[in-house]
Amino acid sequence: KAGVTQTPRYLIKTRGQQVTLSCSPISGHRSVSWYQQTPGQGLQFLFEYFSETQRNKGNFPGRFSGRQFSNSRSEMNVSTLELGDSALYLCASSLEGPGRPGGDTQYFGPGTRLTVL
Amino acid sequence: GNSVTQMEGPVTLSEEAFLTINCTYTATGYPSLFWYVQYPGEGLQLLLKATKADDKGSNKGFEATYRKETTSFHLEKGSVQVSDSAVYFCALSDRSAGGTSYGKLTFGQGTILTVHP
């Protein structure tokens with residue numbers, strides 16, 4: 001079974017631009033979570049989507065948004081980029097759902113490295 | 001809220017040495033516990049997990065036991081190899097917390113392990 005894939009792997013943007021990152025979960029997984037990883041703040045939870053609905057959100061400004069499609073693929077968007085948005089953005093998928101023992105085990109993609117100049 | 005604390009790093013060992021990376025947690029409910037490993041330039045790989053007290057997760061020679069009484073989940077390996085050099089993250093998922101827990105892993109700060117030949 002193919003793992004979680006993320007595109008693109010690397011991005012370079014300038015301040016003020018916007019960016020869209022894509023994530024394809026493991027087949028059959030309906031939950032997709034997004035994380036930001038930086039040397040200073042570590043791994044921080046952005047948001048989670050399940051069946052096209054955002055169920056949970058971390059403490060990030062509204063410039064960070066996401067969505068999920070009917071095939072469970074997910075995108076996240078960052079508008080009006082700031083230098084501090086430079087980070088590795090990780091997507092993870094899981095079987096999360098009611099009555100799913102072990103469904104909270106998340107499997108991660110390789111990440112998208114975003115550099116904001 | 002939930003939190004995970006890992007031992008301060010980095011950890012430097014010689015090949016075949018014994019490894020322990022300490023991890024303690026605070027959770028409002030009854031969490032699942034995980035260890036993830038991250039190699040340079042890659043995403044996180046699930047190393048092992050445990051979902052209830054006294055469960056022992058194991059994989060590739062690594063082990064960790066879920067200790068509810070001490071709220072700990074220490075990672076151990078009897079004989080490390082150069083190829084084990086990576087960053088190790090302890091994490092928890094607290095599904096019993098309801099909506100605010102959906103799809104969210106809480107991570108420790110990570111421990112850098114370097115193994116010399």
Side-chain angles (χ1 to χ4, degrees), chain A residues 3-6 9-10 23 25-26 29-51 53-60 66 68 72 74 88-113, chain B residues 1-10 23 25 27 29-52 55 57 59 64 66 73 86-112:
Chain A
V4 178
T5 58
Q6 292 186 245
R9 291 293 309 277
Y10 302 92
C23 172
I26 292 171
H29 286 193
R30 295 166 64 190
S31 171
V32 174
S33 299
W34 288 89
Y35 297 86
Q36 181 195 65
Q37 184 179 25
T38 60
Q41 299 299 316
L43 282 151
Q44 294 186 288
F45 173 75
L46 281 156
F47 31 65
E48 185 257 6
Y49 286 86
F50 180 83
S51 292
T53 300
Q54 184 184 88
R55 295 195 302 179
N56 198 5
K57 189 177 190 306
N59 296 322
F60 279 82
Q68 187 180 36
S72 294
S74 178
L88 181 66
Y89 290 88
L90 293 163
C91 160
S93 74
S94 73
L95 283 166
E96 182 72 67
R100 290 276 198 173
D104 56 351
T105 302
Q106 294 188 16
Y107 299 88
F108 284 79
T112 295
R113 171 74 63 184
Chain B
N2 299 333
S3 67
V4 176
T5 302
Q6 290 182 231
M7 65 184 291
E8 295 288 329
C23 171
Y25 68 89
Y30 200 165
S32 297
L33 301 173
F34 307 87
W35 277 100
Y36 285 89
V37 59
Q38 186 175 35
Y39 298 98
E42 299 184 11
L44 275 66
Q45 294 180 25
L46 177 66
L47 185 57
L48 52 84
K49 66 179 182 181
T51 58
K52 60 182 187 296
D55 263 4
N59 185 28
Y66 191 143
F73 192 55
V87 183
Y88 292 80
F89 292 93
C90 184
L92 70 81
S93 168
D94 186 2
R95 300 168 91 185
S96 63
T100 59
S101 71
Y102 288 139
K104 178 181 179 180
L105 289 173
T106 300
F107 286 92
Q109 69 269 39
T111 301
I112 300 172

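Proteins get letters first, then strands, A, B, ... in listed order; numbering begins at 1 in each.
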Worked verdict on A/Y35 versus B/L105 for side-chain contact (heavy atoms from CB on, under 4.5 Å): CA-CA 9 Å; A/Y35 297 86; B/L105 289 173; 3.4 Å; yes
The interface call for B/Q109 against chain A, heavy-atom contacts under 4.5 Å, is neither
Closest non-hydrogen contact found for B/L44 with A/F108 is O-CB, 3.3 Å
Assess the residue pair A/L88 and B/Q38 against the criterion (side-chain contact (heavy atoms from CB on, under 4.5 Å)); give the C-alpha distance rounded to whole Å, side-chain angles, the decisive distance to 0.1 Å, and a yes or no. CA-CA 12 Å; A/L88 181 66; B/Q38 186 175 35; 3.7 Å; yes
Could you state the interatomic distance from CD (A/Q44) to NZ (B/K104), rounded to the nearest 0.5 Å? 9.5 Å
Supply the atom-to-atom distance A/Q37 CD to B/F89 CZ, rounded to the nearest 0.5 angstrom. 5.0 Å
To the closest 0.5 Å, what do you measure between CG (A/L90) and OH (B/Y36)? 11.0 Å
Using non-hydrogen atoms and a 4.5 Å limit, figure out which bit of A/R113 sits close to chain B: side chain, backbone, both or neither. neither
Does any N or O in the side chain of A/S33 come within less than 3.5 Å of the main-chain N or O of B/G103, such that one atom is a donor and the other an acceptor? yes
List the atom of A/D104, the atom of B/S93, and the distance in Å for their closest heavy-atom pair. OD2-OG, 3.1 Å
